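Chain letters run A, B, ... following the sequence lines, proteins first and then strands; every chain starts at 1. Worth saying up front: this structure is predicted, and the values here are computed from it rather than measured.
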Amino acid sequence: MAVPYNHRAIEAKWRTHWAEKPVNTNDGKKPKYYCLDMFPYPSGNGLHVGHWRGYVISDVWSRYKLLQGYYLIHPMGWDAFGLPAENYAIKHGVHPAISTEDNIRNIKKQINDISAIYDWDMEVNTTDPGFYKWTQWIFVQMFKHGLAYEKEFPINWCPSCKTGLANEEVVNGVCERCGSPVTKKNLRQWMLRITRYADRLLNDLDKLDWPEKVKKMQTDWIGKSYGAEVEFPIDGREEKITVYTTRPDTLFGATFMVLAPEHTLAKSLATDETREQVEKYIFDASMKSNVDRMQDKEKTGVFTGSYAINPLNQEKIPIWLSDYVLADYGTGAIMCVPAHDDRDFAFAKKFGLPIVQVIAKDGKEIEDMTEAYTEAVGTMINSGEWNGRESADLKVEAPAYIEEKGFGKKTVNFKLRDWVFSRQRYWGEPIPIIHCPKCGNVPVPEEQLPLMLPEVESYQPTGTGESPLAAIDEWVNTTCPCCGSPAKRETNTMPQWAGSSWYFLRYVDSKNDEELVSREKADKYLPVDMYIGGVEHAVLHLLYSRFYTKFLHDIGVVDFEEPFAKLFNQGMITGKNGIKMSKSKGNVVSPDDLVRDYGCDSLRMYELFVGPPELDAEWDDRGIDGVSRFLKRFWTLAQNSLEKNPPARDEVVRVRHRMVREITRRLESFSLNTVISGFMEYTNKLIDLAKDSDGAVDKETIETAAILLAPFAPHISEEIWEMAGHEDSIFHSSWPVHDEEAMKDDEIEIPVQVNGKKKAVIQVAADISKEDVIAAAKAAVKDKISGSIVKEIYVPKKTVNLVVKG
RNA sequence: GCCGCAGUGGCGGAACAGGCAGACGCACAGGACUUAAAAUCCUGCGAGGGUUAAACUUCGUACGGGUUCGAUUCCCGUCUGCGGCACCA
């Protein structure tokens, strides 16, 4: 007799069974499919329902691929270097390695509750010396190829974390991690020359099946622009000032020039009359933080007393200093065309500088300009030999013209800057460089890697620009591998991104001591086919990984240039009112209780049912009852049906094939929330049909439905599959295919519209002719038509519309 | 400021390619079963008008226009919310 659905017993049974007999096996013949989750930071807070969502999405996709006959690469690991573990160590004196290990153990247990088919043999941990050996090895290769270099300059500095930051880690002027305002600090830094890859990083975006939003964010971040560098001679001096402009067409309108206060010539341009003010301005600017500089929209500036010559018309134009010009973009100096640039206009107005319009707006010169005309549309005026030409054409042609005349050259510019790669903290990979007074910077010999992170007495960051490692004399003092002289080790560590920039390559060969990854395995199992994670890494991890992969390609480690063929960004699960779940807000929902009360299968389905997977969703526990009831209904139907197994009826078979088609279509388009509603919809239909045959449908229909359901609710599906008499796992069956013929109904419903408004629905034969269907439609609505029919429209199998006049 | 995305019942959301708006679920209400409750099952559930009840009917996908036989879907404009960038010359 019917056994009630007992999720606890069923789930425990299959979890054990799958652990003993894994369903994902590599016979060497199946094609591979690499489905990757962004690996988590093993936080002490454990997982909440939001983390679950991402892992469920990737597991559903993985199991679907399994059923399509692929050998799955579906690994999991730990991005375990980073500040929380270190801060915990500072507070409680527990070594980060120990707390990290505890956290991993705990989260692993929670991940186990998801019943995802991770291959734990591949597990990696970025803090494992066997792993960071290769993180360091990559750095050494970059050093040898001139991509890693040292530089001293004012970098972004977080005074709270007491470390330098990359540009990508500064969000609206504050530290991405802790929210403190970022200041500038002059520091000796290790840099990675990511800018050398700017063009390739930009161009190869075209090859990627990624959300457009992410591609656009990377495009904007790389920020390529086309223009010209123009040299302006300084009146009465030998030097020239080079500016970068994207609007060389407006060159005749340049009425002054502005240099960043940090520009190398800034000080020397001052005259005796202006020196005091100029030096004060430069000093004040150096004291401003990023936040101040961004908040002060009001322009400030100072006249240097010097003049430049506009090379095109020989006009003398004043040279000013202002902090609205950025020192590290372009050349740190600009030509100013107030008539055609908003910022220059504001500056000219404030300091009473001349404004010369060079592009006619709507065919004329504007009398009293109240705002800049910034579009490159219109005829040139006040522009010497360019008068009468179109601005849009000149914008393209002017760079070549300028180059020809010897005033400058055609050029491109990027917003992307080199990557500030050193951190002044303890819990990271030591940078494997030795500073030798004779040989300069020498990499730690590769056979000595990994360079182990030593034990320290105090994890406290020093704030001096050195990491806590600097306090360990016996570690710092070493000998030069080149010449044997006394030398000192680099004491900075790498940023957290170092390990995550390449970890996905390591999974497929995680225990290899000789190589980062063997070329054979890399060729066979890489790159990643599907990458699933949050959108917050759009310009951080995802850009860095692309850079690393391209470099590793260039030195022959791997054969491909892009690490992630397809990317899916899942939305965040929030608490009530869209508030991000956090311990401090007290709105964290743990999956643990829900798994206990409703079961893994129900929670997996509910995680998907809350809304479109790419959008954020507010968590509401109550909704889980809906999927839980669905699973019970399906269970009862399956049990009944397998017991009674009535003969297959046409109408049931039709529903079965429609279900296969719909579920597959929705799954393929990643509309996972509607896959779940589809299961409910079609199961309800089956239950309805089953009422005519003792509450049962044929066995094949149940088996088909179970396979469709298997990626979503693997335990109950496997149990039903077994009940149906199968000895092998349901995951060794294959994804069903629908049959168009078997789906067809003899009769279809056609809505009848009059002037576009539905007035009736008629039941007609599926193969009815246009004439017949229109005749039937007319008959159905004849009472509702007052005038005469002027037009008849029949959209086959969809609708009839009768256009009536009078 | 610039760029991108979104706006549909009490709520989450659905509608493939311009063709029955509100699937599926939650919540709610009524009923069946039960001594009772839970569970389960059945019914209803956008707003207004209409009727004893129905039939029927008008409006309705942020707002205002447009294209079309027909618009949640396409186009133009406006508003609101979210995200990204933010003096990038």
Side-chain angles (χ1 to χ4, degrees), chain A residues 4 171-173 211-214 216-217 219-221 223-225 227 243-248 250 254 258 293-294 296-299 322-326 328-337 340-344 346-347 374 413-417 535-536 538-539 578 606 609-612 614-627 629-630 632-633 636 661-662 665-666 669 671 673-684 687 749-761 783-784 789-805:
Chain A
V171 178
N172 291 327
E212 286 307 316
K213 180 184 168 171
V214 176
K216 181 140 194 334
M217 278 168 71
T219 304
D220 291 347
W221 190 261
K224 185 175 188 176
S225 65
V243 303
Y244 171 71
T245 179
T246 56
R247 293 295 304 277
T250 64
V258 176
R293 206 162 155 162
M294 279 189 334
D296 286 343
K297 289 289 179 184
E298 183 69 17
K299 300 268 181 291
S322 175
D323 66 0
Y324 83 89
V325 175
L326 305 174
D328 55 355
Y329 180 77
T331 62
I334 60 169
M335 65 173 205
C336 296
V337 185
H340 303 287
D341 181 279
D342 291 327
R343 296 148 304 179
D344 299 347
F347 195 83
T374 56
N413 232 304
F414 293 93
K415 286 193 203 175
L416 185 70
R417 314 288 155 80
V535 75
E536 65 273 15
V539 288
Y606 185 56
F609 193 54
V610 289
E614 69 279 9
L615 299 183
D616 292 352
E618 277 180 34
W619 188 263
D620 181 356
D621 273 352
R622 284 177 303 184
I624 195 172
D625 283 315
V627 288
R629 283 172 197 147
F630 156 74
K632 283 180 201 158
R633 284 202 304 275
T636 307
R661 185 189 57 176
E662 274 307 296
R665 185 182 66 77
R666 296 176 191 188
S669 58
S671 179
N673 54 325
T674 65
V675 172
I676 307 301
S677 62
F679 279 127
M680 295 172 174
E681 200 181 329
Y682 285 95
T683 301
N684 289 347
I687 289 171
E749 280 188 344
I750 299 285
V752 180
Q753 303 173 32
V754 175
N755 292 336
K757 291 192 174 165
K758 186 183 81 165
K759 295 289 174 186
V761 177
D783 301 341
K784 291 164 188 167
I789 297 171
V790 295
K791 200 168 177 183
E792 297 153 350
I793 289 152
Y794 175 51
V795 184
K797 308 207 169 181
K798 298 265 193 198
T799 191
V800 170
N801 191 12
L802 303 173
V803 185
V804 174
K805 255 194 181 157

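- Put simply, the side chain of A:Lys299 and the base of B:rC87 share a donor and an acceptor less than 3.5 Å apart.
- The shortest heavy-atom contact between A:Arg633 and A:Asn684 is NH2-OD1, 3.2 Å.
- Taking a pair to require two hydrogen-bonding distances under 3.5 Å in either a Watson-Crick or a G-U wobble arrangement, B:rU72 remains unpaired.
- Applying the 4.0 Å criterion to OP1 and OP2 of B:rG4, one finds that A:Lys213 has every side-chain N and O outside that range.
- Distance, A:Arg622 CZ to B:rA27 P: 7 Å, rounded to whole Å.
- In this structure B:rC5 sits in a base pair with B:rG81, meeting the Watson-Crick or G-U test at under 3.5 Å.
- With B:rA27, B:rA14, B:rC87 as the choices, the nucleotide that has an atom nearest any side-chain atom of A:Asp323 turns out to be B:rC87.
- Summarising the geometry, the separation between CH2 on A:Trp619 and C1' on B:rC11 is reported as 16 Å, rounded to the nearest angstrom.
- When rounded to the nearest whole Å, the span between CG of A:Asp220 and P of B:rG84 equals 13 Å.
- Look at B:rA14: it lacks any Watson-Crick or wobble partner with both distances under 3.5 angstrom.
- Rounding to whole angstrom units, CG of residue A:Asp620 and P of B:rG12 are separated by 10 Å.
- The heavy-atom pair separating A:Tyr329 from A:Ser225 by the smallest distance is OH-OG, 3.3 Å.
- Within the 4.0 angstrom heavy-atom criterion, only backbone atoms of the sugar-phosphate kind lie near A:Ser225; the bases stay farther away.
- Using a 90° window around 0 for the glycosidic torsion, B:rG22 falls outside it and is classed as anti.
- The distance from atom NZ of A:Lys791 to atom P of B:rG70 is 9 Å, rounded to the nearest whole Å.
- Between A:Gly330 and A:Lys216, the residue anchored closer to the 5' end of RNA chain B is A:Lys216, taking for each the nucleotide with the nearest heavy atom.
- B:rC11 and B:rC28 have their P atoms separated by 15 Å, with the value rounded to a whole Å.
- Closest heavy-atom contact between A:Ile676 and A:Val627: CG2-CG1, 4.0 Å.
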Open item on the list: At under 4.0 Å between heavy atoms, how does the protein contact nucleotides 15-23 of chain B? Give one character per nucleotide, 5' to 3', with B, S or -.
Closed with: -B--BB--B
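- Rounded to a whole angstrom, the distance from the P atom of B:rG48 to that of B:rG10 is 10 Å.
- Of the C1' atoms belonging to B:rG18 and B:rG13, the separation is 22 Å, rounded to the nearest Å.
- Between the A:Thr799 side chain and the A:Val795 main chain, no donor and acceptor come within less than 3.5 Å of each other.
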N/O to N/O distances under 3.5 Å, protein versus nucleotides 57-62 of chain B:
{"from": "B:rC59", "atom 1": "OP2", "to": "A:Lys757", "atom 2": "NZ", "distance (Å)": "3.4"}

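- Only the C1' atoms considered, B:rA27 is 11 Å distant from B:rC45, to the nearest whole Å.
- In this model, the phosphate group of B:rC26 is approached by a side-chain N or O of A:Arg629 to a distance below 4.0 Å at OP1 or OP2.
- Nucleotides B:rU78 and B:rU68 are separated by 23 Å at their C1' atoms, to the nearest Å.
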Open item on the list: Before you tell me yes or no, could you show the steps for A:Val761 and A:Val752 under side chain to side chain contact (heavy atoms under 4.5 Å, CB included), namely the whole-Å CA-CA distance, both residues' side-chain angles and the distance that decides it to 0.1 Å?
Closed with: CA-CA 6 Å; A:Val761 177; A:Val752 180; over 6 Å; no
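- As the counterpart of B:rG22, no nucleotide is assigned, since no Watson-Crick or G-U wobble pattern has both distances under 3.5 Å.
- When all heavy atoms are compared, the tightest approach of A:Lys759 to A:Val754 is CG-CG2, 3.6 Å.
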TODO: Quick one: do A:Thr250 and A:Met335 satisfy side chain to side chain contact (heavy atoms under 4.5 Å, CB included)? Show the steps, please.
DONE: CA-CA 10 Å; A:Thr250 64; A:Met335 65 173 205; 3.8 Å; yes
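- Among the atoms of the strands shown, none is found under 4.0 Å from any heavy atom of A:Asp344.
- Look at CG on A:Asp616: it is 17 Å from P on B:rG81, rounded to the nearest Å.
- With a cut-off of 3.5 Å on both pairing distances, the Watson-Crick or G-U wobble partner of B:rC28 is B:rG44.
- The nearest whole Å value for the distance from the CD atom in A:Glu618 to the C1' atom in B:rC82 is 13 Å.
- Among all heavy-atom pairs drawn from A:Ala617 and A:Val610, the shortest one is CB-CG2, 4.0 Å.
- To the nearest angstrom, P of B:rC3 lies 22 Å from NZ of A:Lys224.
- Taking atom C1' in both B:rA6 and B:rG12, one finds a spacing of 16 Å when rounded to whole Å.
- Side-chain polar atoms of A:Tyr324 and A:Asp344 form a donor-acceptor pair below 3.5 angstrom.
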TODO: I would like to know whether A:Asp328 and A:Arg417 meet salt bridge (Lys or Arg N to Asp or Glu O under 4.0 Å); could you show each step before the answer?
DONE: CA-CA 9 Å; A:Asp328 55 355; A:Arg417 314 288 155 80; 2.9 Å; yes
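- Of the P atoms belonging to B:rC20 and B:rU72, the separation is 10 Å, rounded to the nearest Å.
- The P atoms of B:rG66 and B:rG83 are separated by 35 Å, rounded to the nearest whole Å.
- Taking both residues in full, the closest heavy atoms of A:Gly611 and A:Asn673 are given as O-CB, 3.5 Å, listed atom of the first, atom of the second, then distance.
- When each of A:Val171 and A:Asp625 is assigned the nucleotide of RNA chain B bearing its nearest heavy atom, the one mapping closer to the 5' terminus is A:Asp625.
- In this structure a side-chain-to-backbone donor-acceptor pair under 3.5 Å is missing from A:Thr683 to A:Met680.
- Remark: A:Tyr329 is in phosphate contact with B:rA89, judged by side-chain N or O atoms under 4.0 Å from OP1 or OP2.
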